[in-house]
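What follows is one structure encoded as structure tokens, with my remarks underneath.
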Amino acid sequence: MLLLLAVAGFLTTLGTLLLVGGVVARRQLTPGHPGRPWLGVGFGLLLLGSALQVGVTLQDLGFLTPTDALAYLTTTGPGRAALLRGMGGALLLAAELARWPAWLLTLPAALLLWGVAGGGHGAAHGPGLRALTALHAGAMAVWLGGVLALVTSPRPTPALARRFTPVALGCVAVLLVTGLLLTGQHAGDPLALPQTAYGRTLLLKLALVALALFAALLVRRAFARGGQVRRFLALETALLLGVLAVTASLGTTPPPSPGDHSQAHTSPP
């Protein structure tokens with residue numbers, strides 16, 4: 001069950017990033033690219049991941065009738081989050097296809113990200129932590145969406161890279177701040193991270209993010225020197241996808257309890 005939930009989380013997150021990141025890239029970074037099929041694939045993955053997540057949960061709870069499913073979707077936090085993801089994704093896709101003004105796109109995007117933040121451990125979050133999670137997911141979406149737009153662009157020029165650089169730096173700053181705050185809430189003492197499964201998975205995620213930042217530096221250097229830009233963009237993309245996979249696994253790993261921290265501090269070296 002945990003494996004299926006992790007797969008569902010990965011598909012949901014990837015779909016969200018393709019949709020949100022794709023819309024931002026089309027409007028701000030690589031005008032008109034990626035194409036509309038990209039957005040459709042993102043929305044399809046979002047629906048598939050959400051449906052798998054809800055289906056696995058319902059089966060585990062023994063809720064097998066349509067009435068049970070409707071009650072789950074409308075009366076539970078994770079169920080309502082799944083509905084918000086679907087509604088936000090559909091509205092964002094429709095708004096982009098209809099060429100709404102850019103400022104109006106923030107409304108369905110925020111609805112989608114709020115739904116994403118309500119999945120996994122976010123089901124137990126208060127509004128403040130859920131908002132941090134939504135910001136974290138949004139920053140990751142824009143970063144990965146921009147990298148994917150560049151690597152798939154017919155001509156990833158230095159001008160496009162210069163346009164993306166401040167956006168990417170802003171995303172990294174948001175990820176850093178929200179990540180630190182969320183880590184403090186979920187994992188507690190940073191020194192105790194290696195002592196728990198949740199902490200070790202989080203450390204793996206942080207290592208992949210650090211490698212992705214190093215790959216981004218290689219991309220900048222390649223643009224400046226006219227080198228093999230796509231190769232380093234592909235490396236950065238692969239590392240960011242790895243971050244998504246680890247994040248999905250993190251969503252199915254229970255955070256450490258206070259007792260875990262106490263045991264970590266009192267255990268012998």
Side-chain angles (χ1 to χ4, degrees), residues 9-51 81-119 130-157 159-175 178 212 216 219 233 236-237 240-241 243-244 247-248:
F10 177 76
L11 293 175
T12 300
T13 305
L14 179 59
T16 301
L17 300 189
L18 289 176
L19 186 53
V20 174
V23 168
V24 173
R26 283 169 56 89
R27 291 295 185 102
Q28 303 294 332
L29 304 175
T30 50
H33 178 78
R36 293 179 178 182
W38 176 302
L39 306 182
V41 169
F43 182 58
L45 291 175
L46 169 65
L47 291 182
L48 178 61
S50 294
L83 286 179
L84 286 178
R85 289 195 295 270
M87 293 167 55
L91 286 173
L92 181 58
L93 179 60
E96 174 59 19
L97 295 180
R99 300 297 299 171
W100 284 15
W103 68 272
L104 279 178
L105 295 179
T106 59
L107 300 177
L111 183 65
L112 169 56
L113 293 172
W114 188 258
V116 170
R130 189 165 176 177
L132 285 177
T133 305
L135 285 173
H136 194 80
M140 189 66 184
V142 175
W143 183 12
L144 179 55
V147 173
L148 285 171
L150 283 175
V151 77
T152 59
S153 174
R155 295 184 60 209
T157 63
L160 292 178
R162 286 193 296 271
R163 183 183 299 178
F164 179 53
T165 295
V167 176
L169 290 176
C171 290
V172 171
V174 172
L175 286 170
T178 56
V219 169
L233 281 171
E236 185 178 358
T237 301
L240 289 176
L241 290 175
V243 172
L244 294 190
T247 301

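Remark: side-chain polar atoms of Thr178 are not paired, donor with acceptor, to backbone N or O of Leu132 under 3.5 angstrom. Side chain of Thr106 to main chain of Trp103: a donor-acceptor pair is present (N/O by atom type, distance under 3.5 Å, no hydrogens or angles). A donor-acceptor pair under 3.5 Å is absent between the side-chain atoms of Trp114 and the main chain of Ala134, judged by distance alone.
One distance of note links CG of Leu169 with OG1 of Thr165; it measures 6.5 Å at 0.5 Å rounding. Between Arg130 atom CZ and Leu113 atom CG the span is 11.0 Å, to the nearest 0.5 Å. Between atom CG of residue Leu84 and atom CG of residue Leu111 there is a gap of 5.0 Å, rounded to the nearest 0.5 Å. The line from CG of Leu47 to CZ of Arg85 is 10.0 Å long, rounded to the nearest 0.5 Å. Annotation: the span from Leu241 atom CG to Phe10 atom CZ amounts to 5.5 Å, rounded to 0.5 Å. Taking CG from Leu45 and OG from Ser50, the interatomic distance works out to 10.5 Å, rounded to the nearest 0.5 Å.
By the side chain to side chain donor-acceptor pair (under 3.5 Å) test, Thr152 pairs with His33, sequence neighbours left out.
Taking both residues in full, the closest heavy atoms of Pro108 and Leu92 are given as CB-N, 3.5 Å, listed atom of the first, atom of the second, then distance. When every heavy atom of Ala81 is checked against every heavy atom of Gly119, the shortest pair comes out as CB-N, 4.3 Å. Taking each heavy atom of Gly40 and Leu93 in turn, the nearest pair found is N-CD1, 4.4 Å. Contact record, Leu105 with Ala95: CD2-CB, 3.4 Å, taken as the closest heavy-atom pair. Listed here is the closest heavy atom pair of Trp143 and Glu236: NE1-OE2, 3.0 Å. Considering all non-hydrogen atoms of both residues, Leu240 and Ala212 come closest at CD2-CB, 3.8 Å.
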Report task. Dump the intermediate steps for side chain to side chain contact (heavy atoms under 4.5 Å, CB included) on Thr247 and Thr13, then the final yes or no. Result -> CA-CA 9 Å; Thr247 301; Thr13 305; 5.7 Å; no
Report task. I would like to know whether Glu96 and Leu39 meet side chain to side chain contact (heavy atoms under 4.5 Å, CB included); could you show each step before the answer? Result -> CA-CA 9 Å; Glu96 174 59 19; Leu39 306 182; 3.6 Å; yes
Query raised in the report: How far apart are the C-alpha atoms of Leu175 and His136, what are their side-chain angles, what is the distance that settles it, and do they pass the side chain to side chain contact (heavy atoms under 4.5 Å, CB included) test?
Result: CA-CA 5 Å; Leu175 286 170; His136 194 80; 3.6 Å; yes
Query - Evaluation steps, side chain to side chain contact (heavy atoms under 4.5 Å, CB included), between Phe164 and Val147 - result: CA-CA 9 Å; Phe164 179 53; Val147 173; 3.9 Å; yes
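The closest side-chain heavy-atom distance from Arg26 to Pro34 is below 4.5 Å. Under the 4.5 Å side-chain criterion, counting only non-hydrogen atoms from C-beta, Leu244 is in contact with Met140. A heavy-atom distance below 4.5 Å is not found between the side chains of Leu112 and Leu91.
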